[in-house]
Engineer: 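First the structure, which I've put down as structure tokens, then a few questions once you've had a look.
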Amino acid sequence: MQNLNNPITYINGVSVQRATLLYTELGIKSCNDLLNFFPFRYIDKTQFFQIKDLQPNTAEVQIVGKITNVKSVSQQKGSRLVATFQDASGVMELVWFKGQKWIANALKINEPYVIYGKLNHFNGSFSMPHPEMQLVTEYKKTLQSAMQPVYSSTEKLVNSGMSNKIIRTYIENLFKQIYSGIQETLSQEIINEFQLISKKEALLNVHFPKNHELLAKAQFRLKFEELFFIQLQLVRKNRINKTQIKGMLFKNVGTVFNDFYKHHLPFQLTNAQKRVVKEIRKDVASGIHMNRLLQGDVGSGKTIVALLTMLLAIDNGYQAALMAPTEILATQHFNAIATMLKDMPISVELLTGSTKTKKRRVIHEALENGSLHILIGTHALLEDKVQFYNLGLAIVDEQHRFGVAQRSKLWMKNTIPSGEFGGACPPHILVMTATPIPRTLAMSLYGDLDISVIDELPPGRKEIKTVHRFDNQRLSVLKFMRDEIAKGRQIYVVYPLIEESEVLDYKDLMDGFESISREFPMPKYQISIVHGKMTAEKKEFEMQRFVKGETHIMVATTVIEVGVNVPNASVMIVESTERFGLSQLHQLRGRVGRGAEQSYCILMTGVKLSEEAKTRVKTMVETTDGFKIAEVDLKLRGPGNLMGTQQSGVLNLKIADLIKDGEILHLARKTAIKLLEQDPNMQQESNGLIKKAFNEMTKTAKVWSRIS
Ligand code: ADP
Ligand code: MG
């Protein structure tokens, strides 16, 4: 039997040279790769026109007819070849300017041809220059009859003569050689349930659709299959985590948790926070390893949930770690948590890149002997030297800032590999994110995690008023700033910073800082500035001045984007808003509106805006709902660019589209869950084909290794 893993040189007509080109340009190596290289559009040749129905504005047409006469017509420069072409309804001309001699010889008079091409209209009659032509007898033999596939290409391919037609021919040859060897990959039960066409038929019709209906069926089948196998993998991983990876048991809700909850909680938890804490408690008391994603919009209060979870760990004799992506954030978490715990017998330390060696040593020792309960920090936590006595819980804040590899390091942080604390169990993992991920996307990205959502903001928050102002309205903005400062409020002014234009961006930032300093002179006004080029100490110093209320204005780049919490700051001014992405803008706006006062977000832009930039600004002005914003973002940019998903292999979809195919995704997920419930290891004979395809896939494709 023909093996689909054969290199494409196996296909008739594919030279080594062309195979190399296909590999370097499109990543196509095996026959299977080519088979799964799907067209991105089709030229519709299902329709045949009659000559009498042609209209002056008809673009490309296909007609069946005969050539009755061929002649060479001389013109100003050289000549042209003109054929008279007619069907039962009328007459038109076919015209050639190049290769006339060869064509004149090849044309057959009075034999039926299928012609296809662009139409010209002149003086009431129609002509078609350089038509694609095929004798009807030939046309009937080829697969490429109805709707012609168009494949994506690259400049290099086109320049090397690898036209769409050549790729089509390769695929056609491939089908001729291996068609009988294409195997079904889904069970009869699933095929029946969704009335799917067979794998063979689907592949054939996605490349060479017989008609619209079959194309639609082929696409549905292949999209379903693609999403089904991804979901099967994710759901399976989640089940294995639950059944096979032992978790540390936090069976007590003890004195630490209860004492804090009763006497030191600074506010009443929202219902959403309570629900999430319950979900987490259930996980960690189950003896199963927790792998949970906590989603909550900016300001929804994830930190307190993190703290309560850490207290559960401590109550059960374990240590806990909290990792944040930036020094500013880690420090802020440390300050907030140390303050909340100040009257409790719990030790908390901060470890970042700028922790002094001496202090480090003390921390390392306390971690290893178990006397330190909570460690908060940045990537510094991941260094090999950092070893815990018994880490029971690792929390990762703003998880999208960390790579998968970095996160997985947290699994191996315990000095004692076995013993009373549950042996070689990894710590429970809680990842927190403020990036609102639309449901469909979350399902694909985090299908192997359990998801908790804080969908309620703490009470008393006023909706942030958001307005759009052009640069030439700056005077009124400055006045507004002065008024707010007079009321005792603080203000952020944020500038874009993109690596590619770093030099210019710093200039903008510094120019901005200077002009603000002029408008808001010392000593009446104090201004902080924070940007990536400052040392961590300097940043921290400036940040602290702002946090303490010593400065009125914070001029910054996006380093303040995530997490920073200054409740008295009530105005966020974003400069060059058009250069920010939606989710970034949403994060930035989330820096204000954290106190009881009315807050404002002012989006400054130039006068000339692209349509996309207009949509972004409009969306921000119209809604503060992070999920709505994420949906728009997804539509504008596509899933691959959505914040936090760049490194996701799952999104390399061949045919399904996460935006458009949400419903198929739901079906696929439901089906995967049902199958694994009935047959966890896919051992039933009826699931044999699925299991085979699944194994094949996980062997060849990169395993979608996710969060942990
Ligand atoms: P995020 O989810 O963005 O990390 P934080 O945990 O920083 O949010 O919380 C934002 C602010 O809301 C903090 O000042 C916090 O003290 C406050 N907060 C959190 N939960 C509540 C609550 N239930 N009631 C009142 N204030 C709360
Ligand atoms: Mg936070």
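Residues take their numbers from the sequence shown, with the count starting at 1. Every number for a ligand or one of its atoms is a count from 1 in the order of the listing.
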Engineer: Of all the atoms in ligand 1, which lie at a distance below 4.0 Å from a heavy atom belonging to G299?
Structural biologist: 1 (P), 2 (O), 3 (O), 8 (O), 10 (C)

Engineer: Looking at V530, V571, V566, V574, which hits side-chain contact (heavy atoms from CB on, under 4.5 Å) with Y492?
Structural biologist: V566

Engineer: Check this for me: E550, atom CD, are more than 12 non-hydrogen atoms of other residues, nucleotides or ligands nearer than 6.0 Å?
Structural biologist: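 Enclosed.
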
Engineer: Applying side-chain contact (heavy atoms from CB on, under 4.5 Å) between M620 and each of V467, T615, L603, report the one that passes.
Structural biologist: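 Looking at V467, T615, L603, the match for M620 under the side-chain contact (heavy atoms from CB on, under 4.5 Å) is L603.
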
Engineer: Using a strict cut-off of 4.0 Å, indicate which atoms of ligand 1 neighbour a heavy atom of T270.
Structural biologist: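 Selected atoms, number and element: 23 (N).
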
Engineer: So which bit of M432 gets within less than 4.0 Å of ligand 1, heavy atoms only: side chain, backbone, both or neither?
Structural biologist: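 Under 4.0 Å from ligand 1, M432 contributes no heavy atoms.
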
Engineer: Mark up the atoms of ligand 1 that fall under 4.0 Å of a heavy atom belonging to R594, in ascending order.
Structural biologist: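 Contacts of ligand 1 toward R594, numbered from 1: 3 (O), 7 (O), 10 (C).
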
Engineer: Short list, please: which atoms of ligand 1 are under 4.0 Å from a heavy atom of T303?
Structural biologist: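 Those of ligand 1 that fall under 4.0 Å from T303 are 4 (O), 5 (P), 6 (O), 7 (O).
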
Engineer: Is the shortest side-chain heavy-atom distance between V617 and T605 below 4.5 Å?
Structural biologist: yes

Engineer: Tell me the contacting part of L269 for ligand 1: side chain, backbone, both, or neither, using a 4.0 Å heavy-atom threshold, strictly below.
Structural biologist: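 The backbone, only.
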
Engineer: Please identify which atoms of ligand 1 are closer than 4.0 Å to at least one heavy atom of S300.
Structural biologist: 2 (O), 8 (O)

Engineer: By number and element, which atoms of ligand 1 are closer than 4.0 Å to a non-hydrogen atom of Q268?
Structural biologist: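 Listed by number with element: 22 (C), 23 (N), 24 (N).
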
Engineer: If you define the side chain from C-beta out and look only at heavy atoms, does anything of Q295 sit under 4.5 Å from K302?
Structural biologist: no

Engineer: Near K538 NZ, under 6.0 Å, is it more than 12 heavy atoms from other residues, nucleotides or ligands?
Structural biologist: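 No, because the 6.0 Å sphere around NZ of K538 holds 12 heavy atoms or fewer from other groups.
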
